[in-house]
Amino acid sequence: MRLVVDLNRCQGYAQCVFLAPDVFYLHGDEALLFSPRFDEAQRDRVEKAAAACPVQAILVDCSDEPTKGVEPHVG
């Protein structure tokens with residue numbers, strides 16, 4: 001399972017931090033940090049956190065299949 005957060009869209013409301021603190025956390029007052037992979041035990045909380053985001057900046061991908069047509073970025 002993967003997690004993608006559009007940090008350009010994120011406004012730092014931190015609803016995700018309250019709902020899934022094992023995956024999302026704030027660095028300082030507004031910088032959101034997150035773990036891009038999470039396990040099945042955290043799935044319900046992560047999905048609730050994504051749904052609670054006021055600006056819909058969080059995308060939860062529950063498949064483990066590689067993204068087609070996207071080159072991995074190294075560097």
Side-chain angles (χ1 to χ4, degrees):
M1 288 179 266
R2 295 179 289 224
L3 181 64
V4 177
V5 178
D6 183 344
L7 296 174
N8 291 318
R9 183 179 280 190
C10 176
Q11 297 294 307
Y13 291 107
Q15 297 302 307
C16 56
V17 175
F18 296 116
L19 293 167
D22 293 339
V23 177
F24 301 95
Y25 54 99
L26 289 179
H27 179 70
D29 291 334
E30 296 180 4
L32 179 69
L33 300 175
F34 64 96
S35 176
R37 294 212 175 257
F38 58 95
D39 59 32
E40 186 66 32
Q42 298 166 314
R43 182 178 180 170
D44 186 51
R45 286 181 279 166
V46 169
E47 288 177 344
K48 286 179 182 177
C53 180
V55 295
Q56 298 300 296
I58 303 170
L59 173 66
V60 179
D61 180 7
C62 292
S63 73
D64 284 329
E65 295 179 21
T67 305
K68 294 178 183 175
V70 175
E71 295 293 322
H73 176 70
V74 177

State, with a plain yes or no, whether a side-chain heavy atom of D22 is found less than 4.5 Å away from one of R45. yes
Locate the shortest heavy-atom distance separating [X] from [Y]; write the atom from each residue and the value.
{"X": "S35", "Y": "L3", "value": "O-CD2, 3.6 Å"}
{"X": "C16", "Y": "L32", "value": "SG-CD1, 3.9 Å"}
{"X": "D39", "Y": "M1", "value": "C-CE, 3.6 Å"}
{"X": "C10", "Y": "A57", "value": "N-CB, 3.9 Å"}

CD (E47) and CZ (F38) are apart, to the nearest 0.5 Å, by 7.0 Å
Rounding to 0.5 Å, atoms CZ (R2) and CZ (R37) come to a distance of 5.5 Å
Let me check something: do [X] and [Y] share a hydrophobic cluster, defined by ILVMFWY side-chain heavy atoms less than 4.5 Å apart, either directly or through other members?
{"X": "F34", "Y": "V55", "result": "no"}
{"X": "I58", "Y": "L7", "result": "yes"}
{"X": "Y13", "Y": "L19", "result": "no"}
{"X": "F18", "Y": "Y25", "result": "no"}
{"X": "L59", "Y": "V5", "result": "no"}

- Query: Distance-only, no hydrogens or angles: does the Q56 side chain make a donor-acceptor pair with backbone N or O of P54 under 3.5 Å?
  - Reply: no
